[in-house]
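Okay, so here's the structure we're looking at.
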Protein chains: 2
Amino acid sequence: MANMNSALLALADPTRRAVFERVARSPAPVGDIAKGLPVSRPAVSQHLKVLKEAGLVLDHAEGARRIYRIDPRGLGPLRAWLDQFWGAALDAFAADLEAQAKDDKDDDHD
Amino acid sequence: MANMNSALLALADPTRRAVFERVARSPAPVGDIAKGLPVSRPAVSQHLKVLKEAGLVLDHAEGARRIYRIDPRGLGPLRAWLDQFWGAALDAFAADLEAQAKDDKDDDHD
DNA sequence: AGTTCATGTTAGCCATTACTTACCGTAACC
DNA sequence: GGTTACGGTAAGTAATGGCTAACATGAACT
């Protein structure tokens, strides 16, 4: 499912996120991905399955190899969800500045 | 730790994400947050602790209550990390379009 | 001081999960 | 056909994590 929940869940694990980052850099077969990681090849295969179900990567057979690449639509919902709170974060930042200014005024005993 | 790893890990859990969304909407004490959720108050308190250590929320005492609000700096690293792969996703999308066009035309390659 | 309200903390339980080893299927070689 | 390369799947295990219940802390109020 390519919703934001599964995407967030998939990217939470450091190893799986490393797999995703590797695939995002450039498409690669499973073996190559596993070579650059401290886990076994089946582990990478399992991570790729999760990433695929989360809509973050795509795969296609190429002979005996299976090439994984980033799924363009995967990061969309996640980014949209994040931006939803970007405004709230900025508002909070503005409120912080205001409160800080008030504090400075209160604390101006020499 | 206010890095992107802990932020991603904190937001992965649906309940904890609901807590974060509630806090982001408007600052509130723990009891009020727990009222709108299907888990106990201690559970909310634990989630808030994780969110706080991830740099996603801030708290300040207000009498016996403890008001939690969003931490403006929390989403920054996460958003930055996400944008790092936004370009790769767009590139992949462009590659998809190109491949599709090639398929449609059944043309030989560039 | 004693009581009540609001919250943090601990202990323990249960479900989930990330990992490895072993195995099976498939595709390209000889 | 046999063998080798590549990758997905199953089973079993150790570790993690979220939850509740019980306890501890501290502030406000009478």
How close or far is atom [atom2] of [N] from atom [atom1] of [X], stated in whole angstroms?
X       : N      : atom1 : atom2 : result
A:Phe20 : C:dA18 : CZ    : P     : 16 Å
B:Arg16 : C:dT16 : CZ    : P     : 16 Å
A:Leu9  : C:dA15 : CG    : C1'   : 14 Å

May I ask you to test the [X]-[Y] pair for a side-chain heavy-atom distance under 4.5 Å?
X       : Y       : answer
A:Leu78 : A:Leu56 : no
B:Glu21 : A:Gln84 : no
B:Met4  : A:Arg17 : yes
B:Val23 : B:Leu51 : no
B:Gln46 : B:Arg16 : no

Listed partners of A:Arg66 passing salt bridge (charged side-chain N to carboxylate O under 4.0 Å, His left out), at least two apart |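 Partners of A:Arg66 by the salt bridge (charged side-chain N to carboxylate O under 4.0 Å, His left out) criterion, ordered by chain and then number, come out as A:Asp59.
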Range on DNA chain D touched by chain B, heavy atoms, distance below 4.0 Å =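 Here the contact window of chain B covers D:dG18 to D:dA28.
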Take atom CZ of A:Arg69 as the centre, draw a 6.0 Å sphere, and report whether it contains more than 12 heavy atoms from other residues, nucleotides or ligands.
->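 Result for CZ/A:Arg69: enclosed.
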Would you list the protein and nucleotides 5-11 of chain C atom pairs, both N or O, that sit under 3.5 Å from each other?
from   : atom 1 : to      : atom 2 : distance (Å)
C:dT7  : OP1    : B:Val30 : N      : 3.0
C:dT7  : OP2    : B:Gly31 : N      : 2.9
C:dG8  : OP1    : B:Tyr68 : OH     : 2.4
C:dG8  : OP2    : B:Ser45 : OG     : 2.7
C:dG8  : N7     : B:Arg41 : NH1    : 3.4
C:dG8  : O6     : B:Arg41 : NH2    : 3.3
C:dT10 : O4     : B:Gln46 : NE2    : 3.2

Under the criterion side chain to side chain contact (heavy atoms under 4.5 Å, CB included), which of B:Ile33, B:Asp32, B:Leu37 is the partner of B:Lys35?
->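 Result: among B:Ile33, B:Asp32, B:Leu37, B:Asp32 is the only option passing the side chain to side chain contact (heavy atoms under 4.5 Å, CB included) with B:Lys35.
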